[in-house]
Number of protein chains: 2
Amino acid sequence: MDDIGDMAKAGQAAPRKLSRGARRQQLIEATIETIAARGYSRTTLTDVARHAGLSHGLVNFHFQTKEGLLTETLKYLAEEYRQNWTAALEAAGASPAEQLDALLRSDFNPAICTNARLSAWCAFWGEAQCRPMYQDLCGSNDDDYNRTLEDICTRLVAETARPGDPVRIARVIRITTEGVWLDMMTMTDAYGPAEAMRTAFTCAAAFFPEHFDDRGVLGRKRL
Amino acid sequence: MDDIGDMAKAGQAAPRKLSRGARRQQLIEATIETIAARGYSRTTLTDVARHAGLSHGLVNFHFQTKEGLLTETLKYLAEEYRQNWTAALEAAGASPAEQLDALLRSDFNPAICTNARLSAWCAFWGEAQCRPMYQDLCGSNDDDYNRTLEDICTRLVAETARPGDPVRIARVIRITTEGVWLDMMTMTDAYGPAEAMRTAFTCAAAFFPEHFDDRGVLGRKRL
DNA sequence: AATCTGAATGAATGATCGTACATTTAATGA
DNA sequence: TCATTAAATGTACGATCATTCATTCAGATT
């Protein structure tokens, strides 16, 4: 990830001419904003270009077709999401409880979990059912994520005395996170990220009360 | 609801001329199928008309504009959903556990929970973030449903010794249902309605193990 | 039967939008 | 300084599609 997305840096104006990668990233960010603002079906290349402050011909120059731009945007979001949770997991401790805590927190990382990004995800989700390419890239099909979560749940279940199907538990936990995102988008009187995270932890605590309460993993400093 | 949706009744052909209500319903059903098959953004009036075996001019005759057709379709789905859960609730017993059981089962009623309908819901959801009209009609904003579910959870929590926030619990349960629907749509190797319902009950059992297991409410005949 | 009403058709229209491309502009290197 | 290369622009074209409307047609009314 060439992270050069700092063109609005105060002081000197953005360069008229930019490297291929930087311009692509700028256009992708503009696409996310446009989808969030106007919806997928009403997003036009002119809109995207206007958001980026560029001419609409440039979009085709960098992405050949509109479909190309949209696909690349979804790939960008998927990769970003993946980077986010893998990094969080690496930084976490060895115990499954700490790892689940880290994973859930990473899902509400303010860098990832912005209004525009959630809206865009939501829009792609809506289109995914009839587009195999989108379907593969949408969250529920991130095999690594699912396997990791199932593995953590398996280890957590083993630490409790009670029986429980780790696959179903992992599914409920994943789904709860996705659902809380949807709420933040579609509910008219939505709650904020703090309440969202508490809801996710409420779910984790229901399955693993020995390890969690609605603030996160037990036995940690609280803010 | 004038329920005249039986035009494909074998034997005599469908009447060339139909009452206003019946034709509208037929076109709405065709819209649901079209959205499911081609996605929201690629749905055209010609597609819809072709699905219904009618001319595309007729759509405007009955619904003035394309937006009108789509809005009416969403209203139709919302009303259908509402009818479904309220009927299920009325038929249920008085105890909160039986009522939650009935509510969850109604969400997977095969009449409501078809592939086409789930796809259509999903598509509207994706567009809802930037359309207040859609936003109001989408599931998470059904105040009656939310209040009912919260009320049931409050009574269930009262029956257990443990503490617990009924609002958050109700939210997790609602979200799990929605999430399972999404899975059935967007996952490449999706599971069926049976496993979906079990997942929903797994969630209910996590909060109310005295009342539920992953097959539903306890103390009932099983199939 | 004749008339009337409103449903249904499909060709014509006009607007929107993606794509192509000729032209302009900026940076790089000789 | 000039030449070369790549980025960026904006006009023009063509396709798609929602909408309109004159016309046709079926059923009801008299």
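Throughout, protein chains are lettered first and strands after them, A, B, ... in sequence-line order, and every chain is numbered starting at 1.
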Colleague: Can you measure A:F61 atom CZ to D:dT5 atom P for me and round it to whole angstrom units?
Modeller: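 Result: 14 Å.
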Colleague: Report yes if at least one side-chain N or O of B:R20 is closer than 4.0 Å to OP1 or OP2 of C:dA7; otherwise report no.
Modeller: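 Yes, such a contact exists.
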Colleague: In whole angstroms, how far is the C1' atom of C:dA8 from the CD atom of B:Q26?
Modeller: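 The distance from CD of B:Q26 to C1' of C:dA8 comes to 12 Å, rounded to the nearest Å.
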Colleague: Before accepting this row, confirm whether a basic side-chain N of the pair A:D101/A:R105 lies closer than 4.0 Å to the acidic partner's carboxylate O.
Modeller: yes
Colleague: Partners of A:E29 by salt bridge (charged side-chain N to carboxylate O under 4.0 Å, His left out), sequence neighbours excluded?
Modeller: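 Testing A:E29 for salt bridge (charged side-chain N to carboxylate O under 4.0 Å, His left out), a comparison that skips the adjacent residues, returns A:R117.
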Colleague: Please output the side-chain donor-acceptor pairs of residues 84-91 of chain A that fall under 3.5 Å, not counting sequence neighbours, one pair per line with the distance.
Modeller:
{"from": "A:N84", "atom 1": "OD1", "to": "A:N109", "atom 2": "ND2", "distance (Å)": "2.8"}
{"from": "A:N84", "atom 1": "ND2", "to": "A:S106", "atom 2": "O", "distance (Å)": "2.7"}
{"from": "A:T86", "atom 1": "OG1", "to": "A:R82", "atom 2": "O", "distance (Å)": "2.9"}
{"from": "A:T86", "atom 1": "OG1", "to": "A:Q83", "atom 2": "O", "distance (Å)": "3.1"}

Colleague: Enumerate the side-chain hydrogen bond (donor to acceptor under 3.5 Å, both in side chains) contacts for residues 52-71 of chain B, please, sequence neighbours excluded, ordered by first and then second residue.
Modeller: none
Colleague: Is the shortest side-chain N/O distance from B:R23 to OP1 or OP2 of C:dA7 below 4.0 Å?
Modeller: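 Checking C:dA7 against B:R23, no side-chain N or O comes under 4.0 Å of OP1 or OP2.
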Colleague: Set out, line by line, the N/O atom pairs under 3.5 Å between protein and nucleotides 18-21 of chain C.
Modeller:
{"from": "C:dG18", "atom 1": "OP1", "to": "A:K66", "atom 2": "NZ", "distance (Å)": "2.8"}
{"from": "C:dG18", "atom 1": "OP2", "to": "A:L45", "atom 2": "N", "distance (Å)": "3.0"}
{"from": "C:dT19", "atom 1": "OP2", "to": "A:K66", "atom 2": "N", "distance (Å)": "2.8"}
{"from": "C:dT19", "atom 1": "O4", "to": "A:H56", "atom 2": "NE2", "distance (Å)": "3.2"}

Colleague: Using atom CZ of A:R42 as one end and atom P of D:dA18 as the other, report the distance to the nearest whole Å.
Modeller: 15 Å
Colleague: To the nearest angstrom, how far is A:L54 atom CG from C:dA26 atom C1'?
Modeller: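 From A:L54 CG to C:dA26 C1': 14 Å.
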Colleague: Whole angstrom is fine here: how far is it from CG in A:L58 over to C1' in D:dT11?
Modeller: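 Atom-to-atom, A:L58 to D:dT11, this comes out as 16 Å.
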Colleague: Apply side chain to side chain donor-acceptor pair (under 3.5 Å) to A:R38 and list each qualifying residue two or more places apart in sequence or on a separate chain.
Modeller: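 Partners of A:R38 under the side chain to side chain donor-acceptor pair (under 3.5 Å) test: A:D47.
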Colleague: Give me each pair satisfying side-chain hydrogen bond (donor to acceptor under 3.5 Å, both in side chains) with a member in residues 166-185 of chain A, each pair once, sequence neighbours excluded.
Modeller: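 Qualifying pairs: A:N146-A:R174, A:R168-B:E195, A:R168-B:D214, A:R171-B:E195, A:R171-B:T199, A:R174-A:E178, A:R174-B:D183, A:D183-A:Y191, A:D183-B:R174.
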Colleague: End-to-end bend of the helix from C:dA1-D:dT30 to C:dA30-D:dT1 (five-pair axes, 10° rounding)?
Modeller: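 End-to-end axis angle for the helix from C:dA1-D:dT30 to C:dA30-D:dT1: 0°, rounded to 10°.
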Colleague: According to side chain to side chain donor-acceptor pair (under 3.5 Å), who are the partners of A:E127, at least two apart in sequence or on a separate chain?
Modeller: A:R131, B:S41
Colleague: Check salt bridge (charged side-chain N to carboxylate O under 4.0 Å, His left out) between A:E33 and all other residues, then give those that pass, not counting sequence neighbours.
Modeller: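 With sequence neighbours excluded, A:E33 shows a salt bridge (charged side-chain N to carboxylate O under 4.0 Å, His left out) to no residue whatsoever.
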